[in-house]
**Student:** 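Supplied in structure tokens, the structure appears directly below.
This chain uses plain numbering: 1 for the first residue, then up along the sequence.
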Amino acid sequence: MPNLKTVSESKCFGGHQKVFSHASNCCHCDMTFGIYIPEKSKSSRIPLIWFLSGLTCTHENAMVKSGIQRWASEKGIAIIFPDTSPRGKSVPDDPNFDLGQGAGFYVDSQNALWTKNFQMWSYIVEELPDLIFPRFQLDKEKQSIMGHSMGGMGALNMAFRNPEIFKAVSAFAPISNPTAGVWGRKQFEAYLGTESKLWEDYDPSLLLERLGYPGNILIDQGTKDDFLDKLRPEALEKQIVLRGQQDLFRYQEDYDHSYFFVSTFIKEHILWHAEILNK
């Protein structure tokens, strides 16, 4: 079993916020992740929520800025914060913020430059679970997933393609239709190649239309988000309305794309996840 190196540990709302690094077999570099373990884990196995962060972020953004630990502690739920991409001197990068390190887009790359390291889908769906479940008091049958922006896209894609794992999914301002937007076409061509059919496996709007989803979905989108043209929320909203769940795609008046927005509604999301996971 791969070794975990403890980077930091802090007591928080009675539980512990831990950060670890490890050598990744998927990404062929050292990877870092955070995990919040509430006190309840001392007496029983507890549910787990995955939080995927957005462009330019690391494992730290949601961990430090969202205030999520308070509500996770109250409900006895663990939260894991993976990094958004592989990193390191030997890992390829791009001078633009929306490609390369910090912009993994939660895909398994198939293009030569990126293939060795940029295997973020397999890292999160396969490698990281194998690493954490034997080590912590987590209930593998009670998992859900959430994310912000690029991470919201990743969370939706992973839930729609793995409904047997993720019982619910929520997102803040997700990239909703990447195959048709600036945040998506550029990255998919770089990571996956020019065969656009491959891109469809990473587009939440297309996946929901094609596969459906037996679990629960909750989306919050700010009306003053500077990136609405890149996020394309209307495409995902259309599919959710067709499912008869329009009340779960919520436009929040005057909120932007920042963690001020995320932290405002994080309590509602955690309580929503907790109710589903603890049924």
**Student:** When rounded to the nearest 0.5 angstrom, what is the spacing between CD1 in I175 and OG1 in T179?
**Tutor:**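 The distance works out to 11.5 Å.
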**Student:** Is the ring pair F105/F188 parallel, tilted or perpendicular, if the boundaries are 30 and 60 degrees?
**Tutor:**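 The rings of F105 and F188 stand perpendicular, inter-plane angle above 60°.
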**Student:** Among side-chain atoms of D94 and N96, is any donor-acceptor pair under 3.5 angstrom?
**Tutor:**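 The criterion, which ignores hydrogens and geometry beyond distance, is satisfied for N96 and D94.
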**Student:** Counting distance only, does the side-chain N/O of D108 pair as donor-acceptor with the main-chain N or O of W121 below 3.5 Å?
**Tutor:**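 It does hold such a pair.
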**Student:** Using only heavy-atom distances, determine whether the side chains of N61 and H148 contain a donor-acceptor pair under 3.5 Å.
**Tutor:**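 Side-chain D/A pair, N61 to H148: absent.
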**Student:** Check step by step if side-chain contact (heavy atoms from CB on, under 4.5 Å) holds for V107 and F118.
**Tutor:** CA-CA 7 Å; V107 306; F118 281 72; over 6 Å; no
**Student:** Is it possible for you to say whether I217 and L206 belong to one hydrophobic cluster, with membership spreading through side-chain heavy-atom contacts below 4.5 Å?
**Tutor:**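 No; L206 is not reachable from I217 via cluster members.
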**Student:** Side chain of T84, backbone of C57: donor and acceptor closer than 3.5 Å?
**Tutor:**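 It does hold such a pair.
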**Student:** Which heavy atom in N278 sits nearest to a heavy atom in P47, and how many Å separate them?
**Tutor:**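 Smallest interatomic distance, heavy atoms only, reads OD1-CG, 3.5 Å.
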**Student:** Quick one: side chains of residues 5-17, donor-acceptor pairs under 3.5 Å with protein atoms, not counting sequence neighbours, listed by atom name and distance.
**Tutor:**
| unit_1 | atom_1 | unit_2 | atom_2 | d |
| --- | --- | --- | --- | --- |
| E9 | OE2 | K18 | NZ | 3.0 |
| Q17 | OE1 | Q69 | NE2 | 2.9 |
| Q17 | NE2 | I35 | O | 3.3 |

**Student:** Hey, can you pull the donor-acceptor pairs under 3.5 Å for the side chains in residues 137-144, sequence neighbours left out?
**Tutor:**
| unit_1 | atom_1 | unit_2 | atom_2 | d |
| --- | --- | --- | --- | --- |
| D139 | OD1 | E141 | N | 2.9 |
| Q143 | OE1 | W50 | NE1 | 2.9 |
| Q143 | NE2 | K140 | O | 3.1 |
| S144 | OG | H273 | ND1 | 2.7 |

**Student:** Say whether, by atom type as modelled, one donor and one acceptor occur between the side chain of D83 and the main chain of F33 under 3.5 angstrom.
**Tutor:**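 Side chain of D83 to backbone of F33, a donor-acceptor pair under 3.5 Å: no, none is there.
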**Student:** Which heavy atom of I46 sits nearest to which heavy atom of G76, and what is that distance?
**Tutor:**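 Heavy atoms of I46 and G76 come nearest at CB-O, 3.4 Å.
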**Student:** Is there a chain of hydrophobic side chains (I, L, V, M, F, W, Y, each step under 4.5 Å between heavy atoms) that links I80 to F166?
**Tutor:**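 In one cluster with I80: F166, yes.
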**Student:** Counting C-beta onward and ignoring hydrogens, is there a side-chain heavy-atom pair between P204 and P178 closer than 4.5 Å?
**Tutor:**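 Heavy-atom side-chain distance check passes, below 4.5 Å.
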**Student:** Test side-chain contact (heavy atoms from CB on, under 4.5 Å) on D98 and W183; report intermediate values, then the result.
**Tutor:** CA-CA 8 Å; D98 58 356; W183 282 348; 4.1 Å; yes
**Student:** Any side-chain to backbone donor/acceptor pair from S205 onto S176? Under 3.5 Å, distance only.
**Tutor:**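 Present.
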**Student:** Is a side-chain N or O of E209 found less than 3.5 angstrom from the main chain of Q239, in a donor-acceptor match?
**Tutor:**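 Not confirmed, E209 side chain does not pair with Q239 backbone.
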**Student:** Keeping the roles fixed (side chain from Y36, backbone from I77), state whether a donor-acceptor pair exists under 3.5 Å.
**Tutor:**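 No, because the side chain of Y36 does not come within donor-acceptor range (under 3.5 Å) of the backbone of I77.
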**Student:** Side chains of residues 261-268: which donor-acceptor partners sit under 3.5 Å, not counting sequence neighbours?
**Tutor:**
| unit_1 | atom_1 | unit_2 | atom_2 | d |
| --- | --- | --- | --- | --- |
| S263 | OG | Y259 | O | 2.8 |
| S263 | OG | F260 | O | 3.2 |
| T264 | OG1 | F260 | O | 2.6 |
| E268 | OE1 | R250 | NH1 | 3.0 |
| E268 | OE1 | R250 | NH2 | 2.9 |

**Student:** For a quick test of reading the model, state the closest non-hydrogen atom pair linking A171 to H269 and the distance between them.
**Tutor:**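 Closest approach of A171 to H269, heavy atoms only: O-CE1, 3.8 Å.
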**Student:** With rounding to the nearest 0.5 angstrom, report the CG to CG distance, L131 to L4.
**Tutor:**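 Reported to 0.5 Å precision, the distance equals 4.5 Å.
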**Student:** Check the hydrophobic clustering (I, L, V, M, F, W, Y; side-chain heavy atoms under 4.5 Å; chains of links allowed) and say if L211 and I145 are grouped together.
**Tutor:**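 Yes.
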**Student:** Got a list of side-chain donor-acceptor pairs under 3.5 Å for residues 230-238, not counting sequence neighbours?
**Tutor:**
| unit_1 | atom_1 | unit_2 | atom_2 | d |
| --- | --- | --- | --- | --- |
| R232 | NE | N177 | OD1 | 2.9 |
| R232 | NH2 | N177 | OD1 | 3.1 |
| E237 | OE1 | Y251 | OH | 3.1 |

**Student:** Indicate the atoms forming the closest heavy-atom contact of S24 with Y123, along with that distance.
**Tutor:**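 Looking at all heavy atoms of both residues, the closest pair is OG-CD1, 3.7 Å.
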**Student:** Output yes when a side-chain donor or acceptor of H28 lies under 3.5 Å from a complementary backbone atom of K116, and no otherwise.
**Tutor:**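 Yes, because the side chain of H28 sits within donor-acceptor range (under 3.5 Å) of the backbone of K116.
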**Student:** Less than 4.5 Å apart, side chain to side chain, heavy atoms only: is that true for Y213 and V169?
**Tutor:**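 When only atoms from C-beta onward are counted, V169 and Y213 do touch, with a gap below 4.5 Å.
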**Student:** Check the hydrophobic clustering (I, L, V, M, F, W, Y; side-chain heavy atoms under 4.5 Å; chains of links allowed) and say if M120 and V91 are grouped together.
**Tutor:**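 Yes; tracing contacts between hydrophobic side chains, which count when under 4.5 Å, links both residues.
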**Student:** Would you confirm whether W199, through its side chain, and G193, through its main-chain N or O, come within 3.5 Å as a donor-acceptor pair?
**Tutor:**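 Indeed, once roles are kept as given, a pair shorter than 3.5 Å links the two residues.
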**Student:** I'd like to check the salt bridge (Lys or Arg N to Asp or Glu O under 4.0 Å) partners of D254; sequence neighbours left out, ordered by chain and number.
**Tutor:**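 With neighbours one apart ignored, the set is K224.
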**Student:** Atom CZ in R210, atom CG in D203: separation rounded to 0.5 Å?
**Tutor:**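 Between atom CZ of R210 and atom CG of D203 there are 9.5 Å.
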**Student:** Can you give me the closest heavy-atom contact between S85 and A103, atom names plus distance?
**Tutor:**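 Closest heavy-atom pair between S85 and A103: CB-N, 4.0 Å.
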**Student:** Is a side-chain N or O of Q187 found less than 3.5 angstrom from the main chain of G184, in a donor-acceptor match?
**Tutor:**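 Looks like yes, one N/O pair under 3.5 Å.
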**Student:** What heavy-atom pair brings P82 and L52 nearest, and what distance separates the two atoms?
**Tutor:**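 Here P82 and L52 meet closest at CG-CD2, 3.8 Å.
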**Student:** Walk me through whether L48 and F133 qualify under side-chain contact (heavy atoms from CB on, under 4.5 Å).
**Tutor:** CA-CA 10 Å; L48 174 67; F133 280 102; 3.9 Å; yes
**Student:** When rounded to the nearest 0.5 angstrom, what distance separates CG in L99 from NZ in K186?
**Tutor:**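 It comes to 5.5 Å.
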**Student:** Can you find a heavy atom in the side chain of Y191 that is under 4.5 Å from one in the side chain of N111?
**Tutor:**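 The answer is no; the side chains never approach within 4.5 Å.
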**Student:** Quick one: side chains of residues 150-165, donor-acceptor pairs under 3.5 Å with protein atoms, not counting sequence neighbours, listed by atom name and distance.
**Tutor:**
| unit_1 | atom_1 | unit_2 | atom_2 | d |
| --- | --- | --- | --- | --- |
| N157 | ND2 | M153 | O | 3.3 |
| N157 | ND2 | Y202 | O | 2.9 |
| R161 | NH1 | D201 | O | 2.8 |
| N162 | ND2 | M158 | O | 3.0 |

**Student:** What's the separation between atom OG1 in T115 and atom CG in L192, rounded to the nearest 0.5 Å?
**Tutor:**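 If we round to the nearest 0.5 Å, T115:OG1 and L192:CG are 9.5 Å apart.
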**Student:** Assign the ring pair F81 / F51 to parallel, tilted or perpendicular, where the plane angle (0 to 90°) is split at 30° and 60°.
**Tutor:**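 The rings of F81 and F51 sit tilted, inter-plane angle from 30° to 60°.
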**Student:** Are I219 and P174 packed together at the side-chain level, in the sense that at least one heavy-atom pair is separated by less than 4.5 angstrom?
**Tutor:**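 With C-beta onward as the side chain, the pair touches.
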**Student:** Using only atom types and a distance under 3.5 Å, with no angle test, would you say the side chain of S73 pairs donor to acceptor with the backbone of R70?
**Tutor:**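 Absent.
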**Student:** Using 0.5 Å steps for rounding, measure from the CG atom of D256 to the CZ atom of F227.
**Tutor:**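 It comes to 9.0 Å.
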**Student:** side-chain contact (heavy atoms from CB on, under 4.5 Å), that's the test. Do M31 and S21 meet it? Break it down for me.
**Tutor:** CA-CA 5 Å; M31 295 293 289; S21 66; over 6 Å; no
**Student:** Do F136 and I49 share a hydrophobic cluster (ILVMFWY, side-chain heavy atoms under 4.5 Å, transitive)?
**Tutor:**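 The answer is no; the residues belong to distinct hydrophobic clusters.
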